[in-house]
Amino acid sequence: MAEAADFQGTHPSPARRWLRRTGTLFAGVPLLTGLLQWPAVSPAAAVGSSAQAVSGAGSVSVSVNSLTPSIPGEDDTVTVSGTVTNKGKQAVTDAHVGLRVGPLLNTRSGIDNVVRNSDDVQSVIGPEVDDKYTQEYAELMPGVSQRFSISVPVDELSLGENGVYQVAVALSGQTAAQPWEQTLGVRRTLLPWQPDEVDTKTSTTFLWPLISTVHTTAETGSNEQQTPVLRDDDLAKEIAPGGRLDRMVALGKNLDITWVIDPDLLASVDAMTESYEVQGSGDTTTAGSHQAAAKRWLANVQSAVKGKEVVALPFGDPDLASLAHNGTSVTGSLSHLKEATDVVVNTVEPILHVKPTTDFAWPVNGAVDPSIVKVATSAGADKVIARSDTFRETGDLSYTPSAARPIGGGTTAIVADAPLSTVFQGDMTKASTSTLAVQRFLAQSLALGLQTSRQRSVVVAPQRTPTASQAQTMAEALKAVQDGNWSKSEDLTAAAKAEPDPAATTEVPAASSYPSSLRKQELPRSAFEQIARTQDKLDTFKMILSDPSRVVTPFGRALNRGMSVSWRGRIAEAATYRSGVEAYLDGLLDQVKLIDKSETKLSGRSATIPVTVQNNLVQGVENLTLRLTSTNPTRLEIGGDAYEEQPITVSGGHSQSVKFTTSANANGRATVIAQLYTQDGQKYGEPVTFDVKVTEITATVMLVIGGGVLLLVLAGFRMYTQRKRAAAREAQEAQEQNRVQDESPDSPQNPDILEGRPTEKPESGPGTKEPETGSETDGPEQPSDPVSDTAPENAGPSGTGERVDR
């Protein structure tokens, strides 16, 4: 029977416990007698010896994995479960785990102190609860863990007035080196005790953030739908069942919270509901396949936010502190914040079917200074969510004031409570860490509520992107406090309108008080300079497009993403993203360009030079001017001057050649520059430079040309005189024929004449004169006369189109 009591999970009888402790006492008598013979040891030395015997956290690690209920009532039974692990080199024997209840914690700082020293075995814990609420172990071997679960009725815990109590789970035992009972391991936790409702409940606002990192690029497909391209497929994992964002929505649906949403997240998931691409290695992309998950998640979000307040941050969640400290000196940086705010309503409302609130700004960790407040309100927000660890109280208030603080200029600072807001940071995958976080949140909330009977509004602003386990812990803590007796839920707008405490600090912290750890993570000035450079290129590009919206919208949102809070701690990755956006825009700009030309030869006084503009975009370009400039106008003029300009309009996927008139004034080589200009006179693209080799017309060539012209004139004059002579002969012949007819006899006695018969030639006789040689009277041909090699000339006028012989 005695041996059975030493097995794990069994409880010895009170008599055996008394005998065991009495035996230990008597066994220590000889040791005590020997010690008394030594010289007295100083108190400091005694403490040092004790610290060496039982140092730090102890040789046994105790974990509290669950404490239920988190907020017990008068009739409840508190159950504490966990594990004990022997981390020493010796076995622990005759061990047991028991509960101890410490004194009431009167301050919030006292609660934090308990958490910081939750495993300290040296500090006083308090008496152990009755022996019957323990669990014993015969032996704990080194490196071995054992489970425990202890249930104690609330009335056995001796809880007194309302407040927060520390509860310790302690393991006591002995080792071969120290064969007496001692505390070898402890774990403290917190137990809120408020069985009755308070008269004045604290109004609690809990922000529930739906924010992710940057996933979408500026690149879109060339099709009409402009298929989006994502930089990775990690968003699909977050919205998949069990993913981080899936858990955030599922848990938040049943809680009284204020949703804080980045519109970029909604836009990215909405893009995934249709066809989308994911960047691969190099320039490759793969088709996305998570349309169903995207549709399901958006449907769940729509259902979860129904009837709840939705606060929308500027698109992409811009880093306000980085912008204030490093970006305001870069021209145009603040305009990006304004654009990111202006697109919020048209992004959120069509997707969630609720109208969001857009007048809240949320700097990183709620850390503010005057420059951050100025930037935060520059885009229209008049409420800035700060946090009490930077917006500290400078007075001597004995309680935590309400969150709303008027800070001047019509701006209200909403100061979130730092202890409540930072509870859920860290690894919440461990049950012990999560349980302690829940109890710590509840303890801080109750302690805050019991500080004063004044009505106050408290805001909890947790980390921006909680993990799934952190979200689970947040939900458990929030559910418990909403079911408690000292708090009631309130949305953020109501908290901002709550009457501020006149004694609360309203002075914005100085720039010197901004945490250096946060400043080191800010985006550098070079980031904003690159964004400004990309914006300048975008402004130039959109001026020439027939449909600028296809480019302005995706690139504008990408520039917003380039200054996102999510890049903190990832400066190199942020630079890669911004460079990718700029490089992609450069590639589009280069799709509209001049075609290179080789050397051109000009052999006349004037000629035309063609220049070709190529447009490889899917849409047309317009509002462009092509200017052709001669670097040596004294040798080569273009359009009668040093340069000539012509308007350009080119359809998508086409080229257009433009001809320029040139005039040569001298021999030699002249350099010509072709350059495109936008409507406002800005250069577009790279110029094309080529040489024109000019050959001036020489004197010999001019003489040859002049002689040819003279021959043509003489030939024309000869033709004119020939025609005139021919006409004169015809007229003379006609007159002669008429004269002969008039002189011939008309009598009929001459039948030969009347009948037309030839008359006989009279014989020559005396007195008859012979015709002279060379007269116009035809004589007999002589043998020595040459034969004609041409046909007889036609003396009449030549007909139209006929060849005129010369």
Qualifying salt bridge (Lys or Arg N to Asp or Glu O under 4.0 Å) pairs, either residue in [range], two or more places apart:
range	value
residues 264-279	Asp264-Arg561
residues 299-320	Asp317-Arg464, Asp319-Arg568
residues 359-382	Asp359-Lys383

Between [X] and [Y]: side-chain donor-acceptor atoms closer than 3.5 Å:
X	Y	value
Ser421	Arg387	no
Arg550	Gln619	no
Thr493	Asp491	no
Ser268	Thr216	yes
His336	Ser333	no
Ser322	Glu522	no
Gln444	Asp112	yes
Gln455	Ser203	yes

Listed by chain and number, what are the ring-ring contact (aromatic ring centres under 6.0 Å, His included) partners of Phe441, not counting sequence neighbours?
-> Phe424
Count the heavy atoms belonging to other residues, nucleotides or ligands that lie under 6.0 Å from [atom1] of [X], then report whether that count exceeds 12.
X	atom1	value
Gln302	CD	yes
Lys253	NZ	no
Glu224	CD	no

Quick one: does [X]'s side chain have a donor or acceptor within less than 3.5 Å of a partner on [Y]'s backbone?
X	Y	value
Thr227	Gly221	no
Thr217	Val229	yes
Ser388	Arg392	no
Trp208	Val260	no

Under 3.5 Å, which donor-acceptor pairs link side chains of residues 346-353 to any protein atom two or more places apart or in another chain?
residue: Thr347; atom: OG1; partner: Val343; partner atom: O; Å: 2.7

Salt bridge (Lys or Arg N to Asp or Glu O under 4.0 Å) with [X]: which residues, sequence neighbours excluded?
X	answer
Asp256	none
Arg533	Glu582
Glu339	none
Arg231	Glu573

Side chain to side chain donor-acceptor pair (under 3.5 Å): pairs with one or both residues in residues 496-506, sequence neighbours excluded = Glu393-Thr505, Thr394-Thr505, Tyr399-Asp501
Go through Asp417 and Arg108 one step at a time and tell me if the salt bridge (charged side-chain N to carboxylate O under 4.0 Å, His left out) criterion holds.
-> CA-CA 12 Å; Asp417 187 75; Arg108 301 185 69 187; 2.6 Å; yes
Sort and list the pairs that fulfil ring pair (Phe, Tyr, Trp, His ring centres under 6.0 Å) and have at least one residue in residues 269-326, not counting sequence neighbours.
-> His325-Tyr514
Pairs touching residues 547-583 that satisfy ring pair (Phe, Tyr, Trp, His ring centres under 6.0 Å), sequence neighbours left out | Phe555-Tyr584, Trp567-Tyr577
The side-chain contact (heavy atoms from CB on, under 4.5 Å) partner of Ser564 among Thr213, Leu523, Asp262, Val214 is Val214
